[in-house]
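I have placed the structure first, in the form of structure tokens, so that the comments after it can refer back to it.
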Amino acid sequence: MGTTTSAGGTPTAVDTTLADVLVPWFRAHARDLPWRRPGTTPWGVLVSEIMLQQTPVARVEDPWRTWLERWPRPSAMAAAPAADVLRAWGRLGYPRRALRLHAAAQAIAADHDDVVPADVETLESLPGIGTYTARAVAAFAHGQRVPVVDTNVRRVVARAVHGRAEAGPAASRDLADVEALLPGGDPGARDASAESDAAAVTLAGHHEDAATMSAALMELGATVCVARGPRCGGCPVVELCAWQRLGRPAWDGPVRKAQTWAGTDRQVRGRLLDVLRGAPGPVTAEALEKAWLTDPAQRARCLDSLLVDGLVEQMADGRFALPGEAGDVG
DNA sequence: TATTCGTGGCT
DNA sequence: TAGCCAAGAAT
């Protein structure tokens with residue numbers, strides 16, 4: 001049952017919380033994703049979280065399996081050339097993530113005895129691991145009671161808690177909002193019935209529920225409380241939802257700018273890197289020029305930015321290659 | 001705080 | 001069909 005008493009209610013009246021509904025709902029309805037299966041290592045969880053940054057679940061499943069088979073431990077990946085890592089990353093997008101994961105694996109192997117750290121602060125110090133990913137690993141790989149806030153969670157909280165159609169831009173307040181929803185919080189705030197059940201429902205049990213609650217909030221946002229066309233008819237918490245209660249008011253906040261793609265540097269960088277991924281080794285400058293004929297100046301600028309980012313390296317003979325390819329300048 | 005950084009599926 | 005959107009991080 002819930003841990004908040006009804007204002008003005010009888011001593012036995014207790015409000016049902018989101019966690020009361022969502023934790024059981026998640027246990028019954030969660031998608032069977034490979035990184036959620038028993039036996040998944042913290043390293044497997046970390047790899048999944050990096051791959052899932054801005055990338056749909058459906059595109060991650062296969063590369064994740066292949067990745068963990070090839071590099072089952074951080075030290076295994078750390079020993080591989082960056083070029084191999086970038087080819088294994090394939091077309092997942094944002095290839096700098098692959099480079100950062102490579103660097104993180106090297107740091108874990110060298111400084112953490114090949115064990116993925118469990119505390120948020122240490123995780124955040126690793127390349128490519130920010131506010132979300134550090135907490136996701138701490139919670140899902142190590143069972144810690146920390147708020148895990150991604151775009152799904154922010155949308156669910158915006159609707160169910162704040163009664164708004166959209167989350168708006170991320171804010172530092174988001175973490176506290178979600179922390180307040182996790183079971184097993186401030187013991188002093190618990191009601192008498194929870195205390196009386198203390199023998200059966202230990203603090204440790206609440207901690208496990210907290211990680212499940214975070215996964216449940218993400219799952220709800222990903223499968224039911226989606227950005228466009230939320231399926232409120234099938235929502236397990238529709239009766240607790242503030243947005244429903246208010247009659248589902250439209251979003252009146254700032255409209256976020258549309259993503260452009262055609263003709264952007266991102267498209268050109270993608271073309272150039274695709275040529276290098278597809279080649280068995282170094283390629284000539286001429287081969288890269290063919291990848292983008294529209295605007296030679298833009299092509300040159302993008303190739304330079306790839307060199308700066310460490311996604312491409314130039315050989316002594318002037319050819320270009322993925323980083324760490326044998327014989328390159330470095 | 002606002003931009004930049006890939007890729008592809010869905011409506 | 002042309003946006004819209006996806007388990008963010010770094011700067």
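None of the values given here were measured: they were computed from a predicted structure. Quick note on labels: first sequence line is chain A, next is B, and so on, each numbered from 1.
In this model, no side-chain donor or acceptor of A:Glu124 finds a partner on the base of C:dA9 within 3.5 Å. A donor N or O paired with an acceptor N or O is not found under 3.5 Å between the base of C:dC5 and the side-chain atoms of A:Arg228. The base of B:dG8 has none of its N or O atoms less than 3.5 Å from a complementary donor or acceptor on the side chain of A:Arg59. A donor and an acceptor atom sit less than 3.5 Å apart, one in the side chain of A:Thr55 and one in the base of B:dG6.
The side chain of A:Arg269 places an N or O atom within less than 4.0 Å of a non-bridging phosphate oxygen (OP1 or OP2) of B:dG6. Contact annotation: A:Arg256 side-chain N/O to B:dT3 OP1/OP2 distance is not under 4.0 Å. Taking only side-chain nitrogens and oxygens, A:Lys257 never comes nearer than 4.0 Å to OP1 or OP2 of C:dC4. Dashed line: the shortest gap from a side-chain N or O of A:Gln54 to OP1 or OP2 of C:dA6 is not under 4.0 Å. A sub-4.0 Å separation between OP1 or OP2 of B:dG8 and a side-chain N or O of A:Arg91 is present.
Rounding to whole angstrom units, CZ of residue A:Arg154 and P of C:dA7 are separated by 11 Å. Computed from coordinates, the A:Leu46 CG to C:dA9 C1' distance equals 14 Å when rounded to whole Å. Between the CG atom of A:Asp174 and the P atom of C:dA9 there is a distance of 13 Å, given to the nearest Å. Whole-Å rounding puts the A:Tyr132 OH to C:dA9 C1' distance at 13 Å. Between A:Arg31 atom CZ and C:dA6 atom P there is a gap of 12 Å when expressed in whole angstrom units.
When every heavy atom of A:Val146 is checked against every heavy atom of A:Ser214, the shortest pair comes out as O-OG, 3.9 Å.
For the pair A:Pro169 and A:Gly270, both in contact range of DNA chain B, the more 5′-proximal nearest nucleotide belongs to A:Pro169.
With C1' as the reference atom, C:dA6 and B:dG6 are 12 Å apart, rounded to whole Å.
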